[in-house]
Amino acid sequence: MSNRIHVLDHPLIQHKLTIARDRDIGTKKFREVIHELSLLMGYEATKHFSLEECEIDTPLGRGKTFRLAGKKVAVVAVLRAGLGMVDGILELIPNAKVGHVGMYRDPDTLQARRYFCQLPDDINHRETIVLDPMLATGGSAIATLGLLKERGAGALSLICVVAAPEGIHRIVEEFDDVDIYTAAIDESLDSHGLIMPGLGDVGDRLFGTVSPTWQGND
Ligand code: PRP
């Protein structure tokens with residue numbers, strides 16, 4: 001497996017993923033747990049950020065310490081489901097700028113179609129983190145990452161709560177410089193392109209647009 005794929009095995013992440021997978025939790029709880037997962041995964045996905053030494057006056061004296069020294073950050077939410085991850089990342093990186101890319105996956109062909117794009121003007125000067133809870137066929141992520149590369153985005157990473165092997169392989173084939181952070185690589189995709197066992201359709205579960213009892217019935 002490429003060393004750009006990071007399966008985050010922190011116990012809190014794994015425990016919260018189990019809660020998110022549970023079909024019996026409601027919209028409020030699901031939203032909360034996706035938020036918590038985003039925060040924990042964001043913490044892991046920013047471990048490589050660079051630091052510089054600096055000095056600070058504490059209440060008791062002057063001391064050497066560290067502060068962030070790398071590029072500024074942009075987060076890009078893939079609509080709709082990526083919206084559920086934005087606030088968790090912004091709790092960690094409050095000054096990050098936020099872009100939105102709307103991707104609609106055709107239910108018959110599973111092809112991703114872009115219907116919206118608004119990105120920070122200076123995205124080419126920022127380390128960019130793409131947020132999308134599900135990496136299924138990889139079509140939505142590849143289209144989003146390709147668009148960001150066209151706009152000059154350099155250091156790119158993707159945080160997805162759950163990934164399917166198909167999506168991982170496609171991204172690795174297409175881009176050799178994108179880090180993928182996921183809590184789990186699941187078994188496969190079902191005939192609707194949903195990750196199995198996965199966590200259902202995250203967009204619908206976050207926004208309550210389809211009854212959870214529908215989820216996963218193939
Ligand atoms: C889902 C999911 C990803 C995409 C993953 O979005 O949130 O964006 O599918 O599938 P892929 O890897 O095969 O492209 P969906 O199109 O259902 O839109 P939504 O977020 O608005 O529900």
Side-chain angles (χ1 to χ4, degrees), residues 2 4-5 7 17 20-21 23 25-27 30-31 33-35 37-38 41-42 75-89 98-119 128-149 156-175 178-218:
S2 159
R4 290 204 167 258
I5 299 164
V7 180
L17 172 60
R21 288 187 192 276
R23 65 183 290 162
I25 62 168
T27 304
F30 187 74
R31 230 177 254 153
V33 80
I34 292 295
H35 172 84
L37 276 165
S38 313
M41 294 180 76
V75 295
V76 174
V78 180
L79 306 180
R80 293 172 300 164
L83 284 177
M85 301 179 73
V86 172
D87 288 349
I89 302 296
V98 183
H100 297 89
V101 175
M103 286 286 174
Y104 166 76
R105 201 171 61 152
D106 184 303
D108 298 321
T109 64
L110 300 183
Q111 296 294 311
R113 311 217 179 286
R114 191 172 88 220
Y115 60 85
F116 185 79
C117 177
Q118 184 88 54
L119 298 171
T128 302
I129 304 172
V130 177
L131 305 175
D132 191 343
M134 292 161 73
L135 175 62
T137 66
S140 306
I142 286 172
T144 304
L145 292 165
L147 175 72
L148 292 170
K149 281 191 173 275
L156 276 168
S157 56
L158 168 70
I159 305 181
C160 51
V161 175
V162 173
E166 291 89 332
I168 296 263
H169 291 146
R170 279 187 67 195
I171 293 192
V172 170
E173 270 175 23
E174 198 88 17
F175 307 103
V178 173
D179 284 287
I180 304 172
Y181 296 88
T182 185
I185 301 176
D186 275 8
E187 287 157 26
S188 58
L189 296 176
D190 74 2
S191 59
H192 303 290
L194 289 175
I195 303 168
M196 290 290 290
L199 56 169
D201 185 313
V202 176
D204 285 331
R205 291 189 77 189
L206 278 173
F207 299 111
T209 39
V210 171
S211 160
T213 53
W214 177 86
Q215 304 268 334
N217 292 336
D218 207 356

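In each ligand, atom 1 is the first atom listed, and ligand 1 is the first ligand listed.
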A.B. asks: Taking distance alone, no hydrogens or angles, what donor-acceptor pairs closer than 3.5 Å link side-chain atoms of residues 131-146 to residues at least two apart or in another chain?
C.D. replies:
unit_1: D132; atom_1: OD1; unit_2: M134; atom_2: N; d: 3.4
unit_1: T137; atom_1: OG1; unit_2: G139; atom_2: N; d: 3.2
unit_1: T144; atom_1: OG1; unit_2: S140; atom_2: O; d: 2.8

A.B. asks: So, using salt bridge (Lys or Arg N to Asp or Glu O under 4.0 Å) as the criterion, who are the partners of R21 when residues are at least two apart?
C.D. replies: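 Listed in chain order: D186.
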A.B. asks: List the steps, then state whether side-chain contact (heavy atoms from CB on, under 4.5 Å) holds for R205 with I25.
C.D. replies: CA-CA 10 Å; R205 291 189 77 189; I25 62 168; 3.4 Å; yes
A.B. asks: Using the rule given for side-chain contact (heavy atoms from CB on, under 4.5 Å), can you reason through M103 versus L79, listing the C-alpha separation, both sets of side-chain angles and the distance that settles it, and then say yes or no?
C.D. replies: CA-CA 6 Å; M103 286 286 174; L79 306 180; over 6 Å; no
A.B. asks: Listed by chain and number, what are the salt bridge (Lys or Arg N to Asp or Glu O under 4.0 Å) partners of R105, not counting sequence neighbours?
C.D. replies: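 R105 satisfies salt bridge (Lys or Arg N to Asp or Glu O under 4.0 Å) with no other residue.
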A.B. asks: Verify, without hydrogens or angle tests, whether H169 (side chain) and P165 (backbone) share a donor-acceptor contact under 3.5 angstrom.
C.D. replies: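 A pair under 3.5 Å: yes.
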A.B. asks: Provide, line by line, the atom pairs where ligand 1 and the protein bring an N/O atom each to a distance under 3.5 Å; else say none.
C.D. replies:
unit_1: ligand 1; atom_1: 7 (O); unit_2: D132; atom_2: OD1; d: 3.2
unit_1: ligand 1; atom_1: 8 (O); unit_2: D132; atom_2: OD1; d: 3.3
unit_1: ligand 1; atom_1: 8 (O); unit_2: D132; atom_2: OD2; d: 2.6
unit_1: ligand 1; atom_1: 10 (O); unit_2: R105; atom_2: NH1; d: 3.1
unit_1: ligand 1; atom_1: 12 (O); unit_2: A136; atom_2: N; d: 2.9
unit_1: ligand 1; atom_1: 12 (O); unit_2: T137; atom_2: N; d: 3.1
unit_1: ligand 1; atom_1: 12 (O); unit_2: G138; atom_2: N; d: 2.7
unit_1: ligand 1; atom_1: 13 (O); unit_2: R105; atom_2: NH1; d: 2.7
unit_1: ligand 1; atom_1: 13 (O); unit_2: T137; atom_2: N; d: 2.8
unit_1: ligand 1; atom_1: 13 (O); unit_2: T137; atom_2: OG1; d: 2.4
unit_1: ligand 1; atom_1: 14 (O); unit_2: S140; atom_2: N; d: 2.8
unit_1: ligand 1; atom_1: 14 (O); unit_2: S140; atom_2: OG; d: 2.6
unit_1: ligand 1; atom_1: 16 (O); unit_2: R105; atom_2: N; d: 3.1
unit_1: ligand 1; atom_1: 20 (O); unit_2: R80; atom_2: N; d: 3.1
unit_1: ligand 1; atom_1: 20 (O); unit_2: A81; atom_2: N; d: 3.1
unit_1: ligand 1; atom_1: 21 (O); unit_2: R80; atom_2: N; d: 3.2
unit_1: ligand 1; atom_1: 21 (O); unit_2: R80; atom_2: NE; d: 2.8
unit_1: ligand 1; atom_1: 22 (O); unit_2: R80; atom_2: NH2; d: 2.9

